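These figures come from a predicted structure and were not determined experimentally. Each chain gets a letter, A, B and so on, in the order its sequence line appears, and its residues count up from 1.
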Amino acid sequence: MKRSIGCGRLSLDDLDKEVCVAGWVNVRRDLGGLIFLELRDRSGRLQLVADPNKNKDVHEKFVTLRNEFVIIARGKITRRPEGTEKPDQPTGMIELYPDEMELLNTSRPLPFQLELGQQVDESLRLKYRYLDLRRREMQRNLILRSRVTIAIRKYLDENDFLDVETPILTKATPEGARDFLVPSRLTPGSWYALPQSPQLFKQTLMVSGLERYYQVARCFRDEDLRADRQPEFTQVDIEMSFINEEDIFEISEGLLQRAFKEADVDIKGPFPRLTYKEVMDRFGSDKPDLRFEMEIKDLTEVAKTCEFRAFKETVAAGGVLKALCLKGMAEKSSRKDLDGWQEVAKGFGAKALAWLTFKSEGVKSSGIDKFFKPEEIEQMRQLAGAETGDIVLLVADTYKVVTNVLGRLRLKLAEDLGLIDESKHALLWVVDFPVFEWNEDENRLEAVHHPFTSPRLEDLENFDTQPELARARAYDCVYNGCEIGGGSIRIHSKDVQSKVFSKIGLTEETAREKFGFLLDALDSGAPPHGGIAFGLDRLVMLLAGCKSIRDVIAFPKTQSGACLLTDAPSAAPDEQLKELQLKHEAPKQPAKVTADKS
RNA sequence: GGGGUCGUAGCUCAGUUGGUUAGAGCGCCUGCCUGUCACGUAGGAGGUCGCGAGUUCGAGUCUCGUCGGUCCCGCCA
């Protein structure tokens, strides 16, 4: 017997057709006489029926079957008898009485039940990932991922991009995330690094005249994990020559349109473009969620003249007073709610959270109203955009603290109060990031994006005197409050590149040692170029409606970086270490790997 | 590195103020059952309460430590 068709592809159109189906026993319902059996394969499910009066041999075999046994069966597709149809199920109108059935493999009882609708502990799912991936939801995710990837590849291919592979064993990069290192056996004491991204290679390919490059590239970063961060992840990496920001936006918007289409979501470009300063001012985040309103409002003006010392002094010291307005929440919110938000704000780093409620019977506050003249209260109401029935939440501190606190509070409130319209697809570009950021710990400037990002030409004039004001030709793509992609127009002039290196304290020598090849390449007829990279895992996660990228990765790692299926990472045998001329001081791992990295 | 949370049968969970022999549903095993679809029904097996100390006459329950999962902060150009 050889399989002729997938279970889920059959329908009433196939009545009386002789088919051969194969798959797993999803569930068996033994009525004593009749035995019903749901056969499952990737395409779907089909009900098989064994009737002892019709085929004794098949019925006897069915008696011995158990869940997850693998079988193949041949027979004619028949219509289910009147009254037993299940029109809501894809194959609910038909069934199959096998003429012949062969057991291909048995299965031990599984450590957990598939498809019970209850949440199985994730460590179990990861340990028995091959079973977890049998579940409909996980198959749906992997199928979507495959489709999205193919759609992106087709789109880029149609647009004249070349798929070029770049090394996995490569060189450590300065700045940025911690590298994974791989010891070199042929050059003891030397190390490869796994790429954090193919950044240097794709720029080099532009110098080579490839003009349009893309790669679905695995990237590695040895940093702590999150629900949306794995130590290895996949980027759709893109680079183009002779282009500007507009070209990148156009290609990206087209690419996303095709990707979203695979999840039956229609989106249209051009996406709104907001500057970094604007999104920080209005939403307190460089990846704002635009599915709901509630913008941050500046009330610093009032704080300057008021008699409330906490506000006045903060602002006099260069700080700001900003607010969020909660529409229509004055009557619905209790003192307990307000106290709760106060605690949340403190948890985010605020010294305090003041509030004003505008009710029909008058204004109430967290005890601050007595310090304000009625016209000042009115001014605050207006600036905050509040009306009767609204609550205004206030934070005074440095710009950085206020922005961060209110930005995070905005998201928390929206989630708690159900303000987010889940049916919306809010895409935007954030542009004009600063080139540099002051690193408090190391007491130096560092590149916000990466050191190959081109500053805006007009900002080069004051580059030496006020480098922190220089804007970068960098852009992030944000979807529903998640950063799904980012890139920049690169520096293609050796002089500008040297300037940037010197600003971030990279000496000529160090720069040359780290990526001298790129400097030489830039000095060898490098075309103007730029690019972008999209996080494929995150994109698919969002399109699939998952809460974690682990659910769209076939074999992901736990938060401590362990693969529970293979038990990686694990201790290496002494002979292997010797061959690599390695010694280590870490305590010998016990037989069972603990993923504790010290 | 720090904070929250979870860990009891194969799975999902309940377990009162610390008190006899730790329970339920599902799964598994054995019967019965010819239109089920989370089939039904009768019975049965199944436990180092994550691990280790401590407090106590007595710990699933309290304390400390530790391991693992997860979420977050730091970190992630």
Determine whether a donor-acceptor pair (one donor, one acceptor, N or O, separation below 3.5 Å) exists between the side chain of A:R229 and the base of B:rC76. yes
Atom C1', compared across B:rC62 and B:rU56: separation rounded to whole Å
10 Å
Quiz item: Are the side chains of A:T510 and A:F501 in touch, meaning some heavy atoms are under 4.5 Å apart?
Solution: no
pair_partner(B:rC76), Watson-Crick or wobble, both distances < 3.5 Å, evaluates to none
Output yes when at least one side-chain N/O atom of A:R226 is less than 4.0 Å from OP1 or OP2 of B:rC73, else no. yes
Scanning all shown strands, the Watson-Crick or wobble mate of B:rG60 with both distances under 3.5 Å is none
B:rU5 -> Watson-Crick or G-U wobble partner, both distances under 3.5 Å, gives B:rG69
*asked:* Between A:D551 and A:R125 (salt bridge meaning N to carboxylate O under 4.0 Å), is one present in this structure?
replied: yes
Check: NA contact type, A:S197, heavy-atom cut-off 4.0 Å: base, sugar-phosphate, or nothing?
Finding: base
Separation of B:rG10 atom P from A:L114 atom CG, nearest Å, is 18 Å
| Whether over 12 other heavy atoms sit under 6.0 Å from A:K557 NZ | yes
B/S/- along nucleotides 25-35 of chain B (protein heavy atoms under 4.0 Å) is -BSSSS--BBB
- prompt: Across the strands shown, which category fits A:I35 at heavy-atom distances under 4.0 angstrom: base, sugar-phosphate, nothing?
  reply: nothing
Rounded to whole Å, the CG-C1' distance (A:L96 to B:rC37) equals 16 Å
Checking N1-N3 plus N6-O4 or O6-N4 for Watson-Crick, or N1-O2 and O6-N3 for wobble, each under 3.5 Å, the partner of B:rG40 is B:rC32
Between NZ of A:K412 and P of B:rC72 the distance, given in whole Å, is 13 Å
Would you measure the distance from the C1' atom in B:rG18 across to the matching atom in B:rC13 and give it in whole Å?
22 Å
request  = May I ask you to say what A:Q559 touches in the nucleic acid, namely base, sugar-phosphate or nothing, with a heavy-atom cut-off under 4.0 Å?
outcome  = base
Walking RNA chain B from its 5' end, the first of A:L564 and A:E223 to be reached, judged by nearest nucleotide, is A:L564
- Task: For the pair A:E115 and A:R45, find out whether any cationic side-chain nitrogen is under 4.0 Å from an anionic carboxylate oxygen.
- Result: yes
Item checked: Side-chain N or O of A:S123 closer than 4.0 Å to phosphate OP1/OP2 of B:rG68 -> no
For this session: Can you tell me, in whole Å, how much space there is between the P of B:rU16 and that of B:rA59?
Result: 16 Å
Practice item. Quote, to the nearest angstrom, the C1' distance that separates B:rA45 from B:rG31. Key: 15 Å
With rounding to whole Å, what would you report as the distance between B:rG50 and B:rA9 at their P atoms? 8 Å
* Carboxylate-amine/guanidinium contact A:E95 A:K86, below 4.0 Å -> no
**OP:** Answer with yes or no whether the side chains of A:Y276 and A:D476 bring together a donor and an acceptor at under 3.5 Å.
**Re:** no
_Taking any heavy-atom pair under 4.0 Å as a contact, classify A:R550: base, sugar-phosphate, or nothing._
sugar-phosphate
- Nearest-Å distance once atom C1' is located in both B:rC26 and B:rA38: 9 Å
Greater than 12 external heavy atoms within 6.0 Å of A:Q89's CD
yes
Whole-Å distance, A:R125 CZ to B:rU70 C1', equals 12 Å
Atom CD of A:E115 and atom P of B:rC11 are separated, to the nearest Å, by 18 Å
A:L124 CG to B:rA9 P, in whole Å, measures 11 Å
Do other residues, nucleotides or ligands put more than 12 heavy atoms under 6.0 Å from the CZ atom of A:R229?
yes
**Request:** Just call it for A:R45: base, sugar-phosphate, or nothing, with non-hydrogen atoms closer than 4.0 Å on any strand.
**Result:** nothing
The Watson-Crick or G-U wobble partner of B:rU20, with both key distances under 3.5 Å, is none
Testing B:rC73, B:rU70, B:rC37 for proximity to the side chain of A:Q89, the answer is B:rC37
With the side chain defined as heavy atoms from C-beta on, A:D224 is closest, among B:rC75, B:rC11, B:rG69, to B:rC75
task: State whether a side-chain donor-acceptor pair under 3.5 Å links A:Q215 with A:T166.
output: yes
* To do: Write down the distance separating the P atoms in B:rG27 and B:rC11, rounded off to the nearest Å.
  => 15 Å
**Asked** Quick one: does A:D121 reach the base of B:rG7 with a side-chain donor-acceptor pair under 3.5 Å?
**Response** no
- prompt: Between A:R29 and B:rC39, does any side-chain N or O lie under 4.0 Å from OP1 or OP2?
  reply: yes
As its Watson-Crick or G-U partner within any shown strand, both distances under 3.5 Å, B:rG25 has B:rC11
Partner of B:rG46 under the Watson-Crick or G-U wobble criteria, both distances under 3.5 Å, comes out as none
Using a strict 4.0 Å threshold on nitrogen-to-oxygen distance, state whether A:E137 and A:R135 make a salt bridge.
yes
Exercise for the section: Between B:rC49 and B:rU61, how far apart are the C1' atoms? Round to whole Å, please. Expected result: 10 Å
When rounded to whole Å, the CG to P distance for the pair A:D228 and B:rC72 reads 7 Å
Assert: residue with more 5' nearest nucleotide on RNA chain B, out of A:Q199 and A:S548, is A:S548
Side-chain donor-acceptor pairs under 3.5 Å in residues 530-542 of chain A, sequence neighbours left out?
| unit_1 | atom_1 | unit_2 | atom_2 | d |
| --- | --- | --- | --- | --- |
| A:D537 | OD1 | A:R145 | NH1 | 3.0 |
| A:D537 | OD1 | A:R145 | NH2 | 3.0 |
| A:D537 | OD2 | A:T234 | N | 2.8 |
| A:R538 | NE | A:D228 | O | 3.3 |
| A:R538 | NH1 | A:E483 | O | 3.2 |

A:E85 CD to B:rU36 C1', in whole Å, measures 14 Å
A:V27 has its side chain closest, among B:rU12, B:rC71, B:rC39, to B:rC39
